[in-house]
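Chain identifiers are assigned alphabetically (A, B, ...) following the order of the sequence lines, protein sequences preceding nucleic acid strands; residue numbering begins at 1 within each chain.
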2 protein chains.
Amino acid sequence: MNLSVELDRSDPVPLYFQVARQIEAAIVEGRLRPGARLDNELVLAEQLRLSRLTIRRAIQHLVDKGLLVRKRGVGTQVVHGQVKRAATLTSLYDDLVKSGQQPTTQVLKIDLVPAPAEVADALGISEGRQVLALERLRSTQDGPLAIMRNWLPASLAELTTEQLEQRGLFQLLRSNGVHLRVASQQIGASNATTAEARLLGENRGAALLTMVRTTYDDVGRAVEYGRDSYRASRYTFEMTLVDR
Amino acid sequence: MNLSVELDRSDPVPLYFQVARQIEAAIVEGRLRPGARLDNELVLAEQLRLSRLTIRRAIQHLVDKGLLVRKRGVGTQVVHGQVKRAATLTSLYDDLVKSGQQPTTQVLKIDLVPAPAEVADALGISEGRQVLALERLRSTQDGPLAIMRNWLPASLAELTTEQLEQRGLFQLLRSNGVHLRVASQQIGASNATTAEARLLGENRGAALLTMVRTTYDDVGRAVEYGRDSYRASRYTFEMTLVDR
DNA sequence: TATGATATGTTGTCTATACAATTCAGCCCA
DNA sequence: TGGGCTGAATTGTATAGACAACATATCATA
């Protein structure tokens, strides 16, 4: 099995990542079929003039992605299945852009308000403290998609309607030097209220997919509490479950 | 910062995992606070008489879990946030058992049927081929929770009503030597049909959280196509999003 | 006082090596 | 023919060491 992996040692991209990337391309392009066995680690290391640990690192990256599976004593095989990306901290805006869907955003509300109990609790601040409350309608060329409500600590960033209509919220936060790191999210469902139904172009009572989320930065501060409602007729949340 | 990590080198549990486990316990028990800085890798390696790479391995395990964050040139810090487990291939049954909710299962249907187009497509078999079709109602002490519909290749395992009422499906498959590996899942929402509403004890039209899933084994065969509907009033899907 | 350069500290990547644990195929014996 | 044992093959864990890349603090100069 010849993989034709080509390495550029002057490239700043780490070698393990170059290997992983090229193995992944071979899988995606069908050169490596589901069930195909990779050469063993020692052979690959010799062929590519890399240390075995570098090869292991590349392979582990793809195992974590669900593309490869390893068995001690046997070897490494390609897994079947159109695997989705791991759940990561990207905003809906970025995802829609990436899938070519031309998102637009209408800012419905942008106010400094005293934090209600639930928001204060999630953000780890005292109730009544000022927070920036946002409500936005996200649409694509096919019509309205989601209502997004976010509460941010007031001191975090100065956001304008214009900014929010041009770029995703997480993108704006990142541009303001906020290092988003991890979020805890609950996915649920609810029946559309009259107001929601009107905004989203659905019937009152239509099923909506809901997400409630607290996002933290890299030193652990809560930087966003969000409540999103999506038209279930237009949106599902796709994910990969991996047995590790 | 003294972590009091104790290693048992005769334990079959790998050293990196022992270290990771104990750091995690320190975080969970509050001995390591959000924002706290760990000793650097070299110091930890010296203190614990381990190689630096073993320490890195332990730390990376916790970084992947969202508990720690690393910055080149600075160090490693504890992340804030009640982090949920990574999305993994566990069945609802196992999750409910683990959370002490005493699940019960009523098998509504267990038939060999010709595979409809959607099922055949997901399982990678020809339409009309025999598949095992299951429909079950999962309840807890608080009442019905979810309707679960699964389609399995007929040859995969022989399952009885008794087995399905006593244990989770994935558990049964694993007991039959099936190595579940990865699943592709779409989470959505729908309005309860009359039949669903009656089974779940909700009103007709109530919002249900839905999951459509194809599960693959470790050599890439599709081993299950599932369609689950949960009472949104009783269930949310919790997950962690990590920025990597 | 502000800016740029340098030094220090720490993680990131990579090499080389060795032993352990598991899997599978083949062989032998009852 | 079936079960058990052995050896080969391969991944899993761990050690030791080195250099690179980035972040931050400190120092020097204008």
If we ignore hydrogens and angles and just use 3.5 Å, is the side chain of B/Arg167 paired with the main-chain N or O of B/Leu164 as donor and acceptor? no
Rounding to an integer number of Å, can you tell me how far B/Ile55 CD1 sits from C/dT10 C1'? 15 Å
Give each protein N/O atom lying under 3.5 Å from an N/O atom of nucleotides 22-27 of chain C, with the pair distance.
residue : atom : partner : partner atom : Å
C/dT23  : O4'  : A/Arg72 : O            : 3.1

Sequence neighbours left out, what pairs pass salt bridge (charged side-chain N to carboxylate O under 4.0 Å, His left out) with at least one residue falling in residues 7-25 of chain B? B/Glu24-B/Lys65
Between C/dT10 (C1') and B/Leu38 (CG): distance, integer Å: 13 Å
How would you list, by chain and number, every residue that makes a side chain to side chain contact (heavy atoms under 4.5 Å, CB included) with A/Gln166, sequence neighbours excluded? none
Both A/Arg9 and B/Asn40 contact DNA chain C. Which one's nearest nucleotide lies toward the 5' end? B/Asn40
Here the ring pair (Phe, Tyr, Trp, His ring centres under 6.0 Å) pairs for residues 33-64 of chain B, sequence neighbours left out, are B/Phe17-B/His61
Taking only residues two or more places apart in sequence, or in another chain, which ones meet A/Thr161 in a side chain to side chain donor-acceptor pair (under 3.5 Å)? none
Rounded to whole Å, CD1 of B/Ile59 lies from P of C/dT13 at a distance of 14 Å
With A/Arg57, which residues qualify under side chain to side chain contact (heavy atoms under 4.5 Å, CB included), at least two apart? A/Tyr16
Atom pair distance, as rounded to whole Å: CZ in B/Arg57 and P in C/dG12: 15 Å
How is B/Arg56 classified with respect to the nucleic acid when contacts are heavy atoms under 4.0 Å: base, sugar-phosphate, or nothing? base
Nearest-angstrom distance from the residue atom OH of A/Tyr16 to P of C/dT11: 16 Å
Return the set of residues passing side chain to side chain contact (heavy atoms under 4.5 Å, CB included) with A/Leu42 (not counting sequence neighbours), or none when no residue passes. A/Asn40, A/Arg52
Show every ring pair (Phe, Tyr, Trp, His ring centres under 6.0 Å) that has at least one partner inside residues 24-44 of chain B, sequence neighbours left out. none
Would you please name every residue forming a side chain to side chain contact (heavy atoms under 4.5 Å, CB included) with B/Thr104, sequence neighbours left out? B/Ser139
Any side-chain N or O of A/Thr54 under 4.0 Å from OP1/OP2 of C/dT13? no
Polar atom pairs (N or O), protein with nucleotides 17-19 of chain C, under 3.5 Å:
residue : atom : partner : partner atom : Å
C/dA18  : N6   : A/Arg52 : NH1          : 3.4

Outermost contacting nts on DNA chain D, any atom under 4.0 Å from chain B heavy atoms, listed 5' then 3', are D/dT13 to D/dA23
Salt bridge (charged side-chain N to carboxylate O under 4.0 Å, His left out): pairs with one or both residues in residues 121-131 of chain B, sequence neighbours excluded: none
Any salt bridge between B/Arg213 and B/Asp228, counting N to O under 4.0 Å? yes
Within this structure, what is the CG-to-C1' distance between A/Leu48 and C/dT15, rounded to whole angstrom? 15 Å
5' priority, DNA chain C, between B/Val43 and A/Phe17 [closest heavy atom]: B/Val43
